[in-house]
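To start, the structure under review is shown below, and the notes come after it.
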There are 2 protein chains.
Amino acid sequence: MSTDTAPEPAEQPPGNGPTPELPAAVQRLWGDAAPRRRGPKPALSAAQIVQAAMDLADAEGLAAVSMARVAEAVGYTPMALYRHVSGKDELLVLMSDAVARDLPELPAGLDWRAGLEAWTRAQIDMGLDRPWFLDLPLSAVLPGPHRMRWMDQAFGALRSIDLPADEKLAIIGLLAQHVLGEARVHVESHRAAVQRVRREAGLPDGTPESELDPAAIEAAAPYADFEAVLARYAAPAVYPHLFESFSTWTGTVEAAPGADDVTFGITVVLDGVEAYLRRRGAIPDDES
Amino acid sequence: MSTDTAPEPAEQPPGNGPTPELPAAVQRLWGDAAPRRRGPKPALSAAQIVQAAMDLADAEGLAAVSMARVAEAVGYTPMALYRHVSGKDELLVLMSDAVARDLPELPAGLDWRAGLEAWTRAQIDMGLDRPWFLDLPLSAVLPGPHRMRWMDQAFGALRSIDLPADEKLAIIGLLAQHVLGEARVHVESHRAAVQRVRREAGLPDGTPESELDPAAIEAAAPYADFEAVLARYAAPAVYPHLFESFSTWTGTVEAAPGADDVTFGITVVLDGVEAYLRRRGAIPDDES
DNA sequence: GGTAACTGTTTATGTCCTACGCGCTTTAGT
DNA sequence: ACTAAAGCGCGTAGGACATAAACAGTTACC
C-alpha cells in the first residue's frame, strides 16, 4: 500500500549553486537534505511518520492527526518526530504530496478533452477517497515530486494544443480548483446527509456512520436542509426568486438527463475551456 | 459598520409544528429561540460576540479567533460567551452568515450572464477582502438569512431562464464553488508572494507585510516557486511534458489578452454554463 | 581516544476549548 | 409582596494540543 515506485527525488545536481530561495518544506519534499552521517542510525524516518499520519487521517480524519497520536502510532514519543519533520506544518506538506502518489497513470492516446476529463475525474475520486485531503490548508499544497508528476500528465493531455505554457497553466489551475470544490461539496453533502439521518433517528451526534442505515443516507436528499429552511423560515416577500423557482419543486432531484453531479461540473467547465481554445485558435472550429 | 438592515428573521410562524429536524446552528441562525424572559437582562448578545469575532478575524485572521480573545474583545470572560453561543462551532456558523450581509445588492435589469458575472465577482471580491472566510470549514457554511438572500439574487439573475429549480441550483452551486476556489488561490498566491519576498530579503517569517516593499510583492511572479522547482529539482526525463511546455517559457506571465486571472476563470465557467443552457434549449441559439 | 554530530527522551510552557458549579439578578406566579 | 425558578456572568479546572530546551546515549571521523 505504500511502495514508492513513483519518481524518486532526482539525483541532486551538485553544481546548481547554493540552495535557492525556496520554502524549506519544498526542499524537504525533494529530498534536499545535507547527507551528514555521524550519529546513530535513525530508527525512525520521515516516510514512516508520513505513512502513519496518512493512515490515521484515512481512519479518523485530519483532526485526528496530532503529533501525539502519530507518535503513538509509530511507537515513539511525540518529540521524536521533530527530528525528522520540522513541525506539524511540514508533516502536512509531506502528506499532501504523498497523496498524489496514488493517482493513476492516465491512458495514453486520449485527445485533450478526454485526457483532461480523466485527469479531473481521477482527482475528484481521490478527494472522495481521502476527504482529509480537502481539509488541508492550501499552504500545505506545494509542488512536490508526485504532484509535479500529476501536473506533467495534465500538460501531456494538452500536448497537441498550441498555447503558451502560462495559458495551459491557467487552464489546469482552473480544473484543479474545480476538483477541490467539487470533491469538497460531495464530501460535505455526504456528511450532512449522515448528520441528517442521525438527527431523524434521534441518535447522538457521535454515532459512527457504520451504525446507520446506508439506504437512509443514500436517500437523504442533498438539498433537504436548504428546502426545509426555505419552507420553515424564509418569507416569500424577502426571497421572491427562490420562492418562484421552487414553487414547482418536486423534491426529487432529477439532474440533467443521464448526468450525475460530477459529470455536470466537468462538462460545463470543459465546455468553457473548449470555447476558450476555439477563441484562441488553438483547436479547429469543426472539431466535435 | 454593523447596522443590520438586511432581512430580519421572519416573524416565527407559530403553527408550523414542532421544531423540525434542522441543525441547531441553523435554528439559531434564524433567530429561532425560545423567547423566555425570566432572568436578568443579558448585557451581552450573540450579535456583539459575532461582531467582535469578525473584527478580530479581519485584523488578524481566523486563527486569532479564540473564545478567549473574543471574550477579551467584548470585555467579558471566556465562559460568558457560552451563554449566547453554544460553542466555537456555532460562532463560526454565525460569522459565516454575517459575512454575506455585506454583499451588495445587484443592479436590476441585467441579463442572466451579466447578472451571474456580477454575482460571482462580488463574492470573489468579498473573499479577497475577508480571507478568513476561506478558512472556515465548509460545515460552518449553512443556509442563514443573509446567505439565502444572496442565493435569491442568483436565482433572480436566472429569472428569465426556463429551467427546473434543481438545475438552476446546480449552476449556482458550480459558480459558488468556483468563487471559493478562485478567491482561495488568489489569497494563497498573495501569501506565497509575501513569503517569497521575505525569504529573498532575509527577513524573519513573522515580519508583517506592512514592512515589506509593496512593489516587490506585486512583482513576485505567481509561479515563481513552481518554476524554481522545475529548474532545480525536476529531471526532464520524469517530467517530459512540463519541460516541453516550459522550454519556451519567458518567465513573464502575459495572460490571455487583456484579462486578469479572475476574468479568465469567470469567462470560462460562464461560457460552459452558456453552452449548457443552449443545449437545454433554455436560451436561443442566436443570443450573443 | 577524543570529539563532534546526531539520536530519541524527558520536562515544561503556553494556548486552546469547554464541563461544571457558584452566586447574583430578574421575572412569573401566587 | 413574596417566593421560586430561570437566566446571567464568572471562577475553577481538566484535557488536548504544538513545541522549546536541556539531557543522555550512540556513532563516525580525525
Side-chain angles (χ1 to χ4, degrees), chain A residues 24-25 28 33-50 52-53 56-57 60-95 132 135-137 139-140 204-206, chain B residues 24-25 28 33-50 52-53 56-57 60-95 132 135-137 139-140 204-206:
Chain A
R28 185 84 49 121
R36 301 169 185 170
R37 324 184 164 281
R38 193 79 90 103
K41 295 171 200 165
L44 197 53
S45 75
Q48 279 174 67
I49 294 173
V50 171
L56 246 171
E60 302 183 47
L62 193 63
V65 177
S66 72
M67 297 305 266
R69 302 253 346 238
V70 172
E72 187 190 16
V74 292
Y76 288 84
T77 55
M79 291 311 292
L81 308 187
Y82 287 85
R83 293 276 179 225
H84 304 270
V85 158
S86 75
K88 191 176 182 181
D89 289 350
E90 195 176 285
L91 175 56
L92 295 180
V93 171
L94 296 178
M95 289 171 72
W132 56 265
D135 294 330
L136 287 175
S139 59
D205 264 23
Chain B
R28 185 83 49 120
R36 303 169 186 170
R37 321 186 163 280
R38 194 78 90 100
K41 294 171 198 164
L44 198 53
S45 75
Q48 278 175 67
I49 294 173
V50 171
L56 246 171
E60 301 182 48
L62 193 62
V65 178
S66 73
M67 298 305 265
R69 303 255 343 239
V70 172
E72 187 190 15
V74 292
Y76 287 84
T77 56
M79 290 314 291
L81 307 187
Y82 286 85
R83 293 274 178 214
H84 305 270
V85 159
S86 76
K88 192 177 183 180
D89 288 350
E90 194 176 285
L91 176 55
L92 295 181
V93 171
L94 296 177
M95 289 171 72
W132 56 264
D135 294 330
L136 287 175
S139 59
D205 263 23

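Just so it is clear: chains get the letters A, B, ... in the order the sequence lines come, proteins before strands, and each one is counted from 1. The structure displayed is predicted, hence computed values, not measured ones.
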Nearest to side-chain heavy atoms of B/P78, which nucleotide of C/dT27, C/dT18, C/dA4
C/dT18
So, taking the atom named CD1 in A/I49 and the one named CG in A/L94, what distance separates them when rounded to the nearest 0.5 Å?
9.0 Å
Could you state the atom-to-atom distance from OH of B/Y82 to C1' of D/dG7 in whole Å?
19 Å
Verify the contact: side-chain N or O of A/S66 to OP1 or OP2 of D/dC17, cut-off strictly under 4.0 Å; return yes or no.
yes
Looking at C/dG8, does its base get a donor-acceptor pair with the side chain of A/R83 below 3.5 Å?
yes
Side-chain N or O of A/Y76 less than 4.0 angstrom from OP1 or OP2 on C/dG8?
no
Rounded to the nearest 0.5 Å, the CD atom of A/E90 sits from the CG atom of A/L81 at a distance of 12.0 Å
For the pair made of NZ in B/K41 and C1' in D/dG9, what is the distance, rounded to whole Å?
16 Å
Atom CZ in B/R83, atom OH in B/Y76: separation rounded to 0.5 Å?
14.0 Å
Short side-chain N/O contact to D/dG9 OP1/OP2 from B/H84, under 4.0 Å
yes
Taking all non-hydrogen atoms of both residues into account, name the closest pair between A/V65 and A/A53 and its distance.
CG2-O, 3.6 Å
Rounded to whole Å, the CE-C1' distance (B/M67 to C/dC17) equals 8 Å
Where each residue is assigned the nucleotide of DNA chain C containing its nearest heavy atom, which of B/M79 and A/G39 is assigned the position nearer the 5′ end?
A/G39
If I compare all heavy atoms of A/A43 with all of A/Q48, which pair ends up nearest, and what's the gap?
O-NE2, 3.3 Å
From CG of B/L81 over to C1' of C/dC16, roughly how many Å is that when rounded to an integer?
14 Å
When the distance from NZ of B/K88 to C1' of C/dC16 is rounded to whole Å, what number comes out?
8 Å
Please give, in whole Å, the distance from D/dA18 C1' to A/L91 CG?
12 Å
Could you state the atom-to-atom distance from CG of A/L62 to P of D/dC17 in whole Å?
13 Å
Tell me the interatomic distance from A/L44, atom CG, to C/dC6, atom P, rounded to whole angstroms.
17 Å
Closest listed nucleotide, where the reference is the side chain of A/P40 and the choices are C/dC16, D/dT26, D/dG11
D/dT26
